[in-house]
Amino acid sequence: MARYNPKETEPKWRKAWADADAFRAVMEPGKPKYYVLEMFPYPSGRLHMGHVRNYALGDVIARFKRARGFSVLHPMGWDAFGLPAENAAMERGVDPKAWTYENIARMRAELKELGLSIDWSREFATCDLSYYSKQQALFLDLYERGLVYRKEGIVNWDPVDQTVLANEQVEDGRGWRSGAIVEKRKLNQWFMRITDYADQLTDDLASLDRWPEKVRVMQENWIGRSRGLKFSFDFAPAAPKGFEAGLEVYTTRPDTLYGASFVGIAADHPLAEQVALKDPRAAAFIAECKTGGASQAEIDTAEKIGFDTGLKVTHPFDPSWELPVWIANFILMDYGTGAIFACPAHDQRDLDFSRKYKLPVKPVVLPPGEDAATFDVGDEAYVGPGVIYNSDFLDGLDIEAAKAAAIGRIEAQNQGEGATVYRLRDWGVARQRAWGCPIPVVHCETDGVVPLPKSALPVALPDDLEFGKPGNALARHPSWKHTTCPQCGGAATREVDTLDTFVDSSWYFARFTDTEAAQPIDKTAADYWLPVDQYIGGVEHAVLHLLYARFVTKALADDGQLRVREPFAGLFTQGMVTHETYRRQSGEWLEPHEVEVIVEGAARRARLLDNGADVVIGDVEKMSKSKKNTVAPEEIFDVYGVDAARLFVLSDSPPERDAMWSNAGVQGAWRFVNRVWEEFESQPAPNTEEAASRGGDGEAATAVRRATHKLVKQVTEAIDSFRFNSGIARLYEFLNLLKANPAKGASPALLGARTEALSAFSRLIAPFTPHLAEECWVRVGGEGLVANAPWPGFDPALTEDAVRVLPVQVNGKRRGEISAPAGASPADVEKIVLDDPEIARRLEGLTIRKVIVVQDRIVNIVAA
RNA sequence: GCCGCGAUAGCUCAGUGGUAGAGCGCAUCCUUGGUAAGGCUGAGGUCCAGGGUUCGAAUCCCUGUCGUGGCACCA
């Protein structure tokens, strides 16, 4: 008997799919559509196990939906602009474009080896002129709608990558790629008005019922909508210059206004700067605030410090009540108005500050059950519910009513109004990099910033960029930027900034619906295919990419270019692929293939393959180059075949959790592949006589038939609910059942049942191990490709057993079992139970209080 | 600090009110012309802890412990 040979069969079937053009997506009116998309890869040049898992997961869905009769779109492309290409150019003197396209070629070959059901005719890279020129047209559309603008602003500057970063790209005060401490710089910058959509982006999260709750919460927190009151304090006696209108503050707790203790402003507030001009001590204090570290740990532990400006403001509800104005280091200029009123009794930060500087602390919210005469806050601010007191006209109200009343009074006094404030800032989209989509705008001495007309597109990148030194190679190109102004015809220079690569990825899913269209987006194709029914990728994009894509989709919908207002109806965030780590005694990391793991009973140890030296087995961690705990997919494909690798990453754990790669695990999957093939080979080739005898009686045949129908049901449900690992577990079990009912010596009835079973089985494994499935499908006499075969159905009647074995409990303890027909009435079952001699023996001397029969499940007798 | 998630066999995980399961690993035995293999059989579990609801709890509720992810001086 021939061992299953993936090296022969796998390429053969990939060729068969390509020859048949099996995965071309076609718009078919009257047929339900399904758009499956995995987050497209950055062409780093190497496929890693994370990719294998991501694309295998998507492929299961795509193949399953195809078999279920959907018209499926499952495309692939490349997120190809970005810094790594420029870094490679700088380090190795290669051309970023050539480097990128070579990487794409290599990764495409590796991806194709995975046997994915992808429509490769739609492939594109974001660095293709045919893509980014369309993006330039979209940029102009958004510019025209006022959603793109330019302003001087303080930006995050990454000194290592020499570029501006969006807020979302700064983590703990460091650049998300370089890890360098981010500096604040004042620059002219391009922004997209994502804040215009802050409300929609928050509200529409509720409609994304097939998104993980976790991601929705993260986006909601990121947008950070809060409702409160903006109002101005009047100065007493006289306002400083420029503040005649008062000092504007924002609060979410207007109900606690009578607990006010002081007013605080950020160190970089304009008023603080003005005070510093006259008072050197204030200037020194502000300088001190700026020396604090940027990392989260430093911010957390930073002590609250303040400086009394000597200025006073009057309380809005009592002109005779004066409050001091302090500069405080814990107030942020870029949130709200950069100024607050402090109510220490009900805000921990204000309380810490007030205790330190001996400022008054007056509680105004009385917790339930406390006595107004004795209640006091110690060192812990009270932020819970309660009744307002010590607060004049607000006394006796609950918190929500008091908020409304206070806002009403402020509005009546014309001192301010209820306001909604967001944490979200506008999206800075310009990058000072050459390997990106050029911004289609020129700078003219006469006309200023002038967008190009669409007829002047595309603005192509030059092919002869010099990457010898850091900085923007586009800016220092000798001729590229020199052009003429489309308005006055005079000399002008091109914008040398390029777009953030997150712009590239915020509409690519729409381009996939028609990659040939002259317009950026073909309305007919987009209306047919969008939204993406199932989007799959890493949770690390929960905020950045997924928020930008939602914003751009809404903006394009408002521009009439898209019908959908949300791009991704379903989102699945898969876990990472992890692996054990290994180190020498000296602490150096070791690659898995340098190590031999030895199992001794329950214990495991490891040694170096070279010289047998002891190796320390470390924690299981995400595969990473730095810890050397990676396994190259190519090497696995070579040894075990693609199907075994796919099967293992899919079977190991639930898709949303981390999957631990292990050699033993992939070997197990490989053994399964072989055992499956063995089972198909042991079955006599189908002929009409046997096909006619399908079904029939005989206990084994019936058992196999029932198990088959149950299996179809279980696997179908498992795939539908993204529990691929448990679907595969059922397939493992089922194979064991087939082995227990072998073809050798089987009755015609059993052979028939086996034929039915194997036919279903070959289709059920197709989403997971597509090559093996094709081979099995041929063996079982299937017509055409299993990739085109319909999903097996099941007979619900056959998924249930006719006779049930019911456990019998006495007082909750299992005391025996009885057999009863499925669906037997409680009275009938009770009779069977009470007639059972073993049960009767257990009940001797006891009085039966109650008999509980759960149909087809269990019987419990309560007795004393 | 706030919001999640998890804890079930040695490992990775199913099981969401009704007899505690799978794969891998481990052990015994068989096969030694599927052989960097295959097969039979088996051992192995206070379902994290405590309390509650229930005839009945791994499952529902409460409290706690440990691990893990995200957010965070956001007024």
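Every chain is numbered from 1, with letters handed out A, B, ... down the list of sequences.
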(message) Classify A/Tyr732 by what it touches in the nucleic acid, base, sugar-phosphate, or nothing, heavy-atom distance under 4.0 Å.
(response) sugar-phosphate

(message) Taking B/rG34 as the reference, what is the distance to B/rU41 when you measure between their C1' atoms (whole Å, please)?
(response) 22 Å

(request) Check every atom of B/rC73, B/rC55, B/rC13 against the side chain of A/Arg349 and return the nucleotide holding the closest atom. (result) B/rC73

(request) Please determine, for the side chain of A/Arg723, which listed nucleotide (B/rG15, B/rG70, B/rA72) has the closest atom? (result) B/rG15

(request) Go through B/rG34, B/rG39, B/rC71 for me and flag the one nearest to the A/Arg675 side chain. (result) B/rG39

(message) Measuring only the P atom in each nucleotide, how far is B/rA57 from B/rG4? A whole number of Å is fine.
(response) 28 Å

(request) Please tell me if the side chains of A/Trp661 and A/Phe648 come closer than 4.5 Å, counting only heavy atoms from C-beta onward. (result) yes

(request) Output the single nucleotide from B/rA75, B/rG39, B/rG38 whose closest atom is nearest the side chain of A/Tyr250. (result) B/rA75

(message) With nearest nucleotide decided by heavy atoms, which residue, A/Ser226 or A/Asn725, maps closer to the 5′ end of RNA chain B?
(response) A/Asn725

(request) Please identify each residue that fulfils side-chain contact (heavy atoms from CB on, under 4.5 Å) with A/Ala345, with sequence neighbours left out. (result) A/Val361, A/Pro363, A/Val377

(request) Output the single nucleotide from B/rG70, B/rA72, B/rA75 whose closest atom is nearest the side chain of A/Arg423. (result) B/rA72

(message) Taking B/rC62 as the reference, what is the distance to B/rG6 when you measure between their P atoms (whole Å, please)?
(response) 14 Å

(request) Tell me whether the centres of the aromatic rings in A/Phe724 and A/Phe722 are closer together than 6.0 Å. (result) yes

(request) Can you figure out which of B/rG18, B/rA75, B/rC13 approaches the side chain of A/Ile852 most closely? (result) B/rG18

(message) Classify the ring geometry of A/Phe233 against A/His315: parallel below 30°, tilted from 30° to 60°, perpendicular beyond 60°.
(response) perpendicular

(request) Sticking with atom P, work out how far B/rU68 lies from B/rG45, rounded to a whole angstrom. (result) 28 Å

(request) Any strand is fair game: report the nucleotide pairing with B/rG25 by Watson-Crick or G-U wobble, both distances under 3.5 Å, or none. (result) none

(message) Between B/rA58 and B/rG70, how far apart are the two P atoms, rounded to whole Å?
(response) 34 Å

(request) Name the closest nucleotide to the A/Tyr335 side chain, picking from B/rA72, B/rA14, B/rC74. (result) B/rC74

(message) Taking the P atom in each of B/rG56 and B/rA20, what is the distance between them to the nearest angstrom?
(response) 16 Å

(request) For the side chain of A/Asn860, starting at C-beta, report the closest nucleotide among B/rG70, B/rA75, B/rG18. (result) B/rG18

(message) Would B/rG52 be called syn or anti here, given the cut-off of 90° from 0?
(response) anti

(message) What's A/Ile728 touching, base or sugar-phosphate or nothing? Going by heavy atoms closer than 4.0 Å.
(response) nothing

(message) Please check this pair: side chain of A/Arg225 against backbone of A/Leu424, looking for a donor-acceptor N/O pair closer than 3.5 Å.
(response) no

(request) Considering only atom C1', compute the distance from B/rG42 to B/rC30 and round it to an integer number of Å. (result) 14 Å

(request) Could you work out which one of B/rA75, B/rG39, B/rA14 sits closest to the side chain of A/Lys739? (result) B/rG39

(request) Look at the side chain of A/Lys214 and decide which nucleotide, out of B/rA14, B/rG69, B/rG70, has an atom nearest to it. (result) B/rG69

(request) In whole angstrom, give me the gap between the P atoms of B/rG1 and B/rA14. (result) 30 Å

(request) Drop me the distance from A/Tyr335's OH to A/Arg423's CZ, to the nearest 0.5 angstrom. (result) 9.0 Å

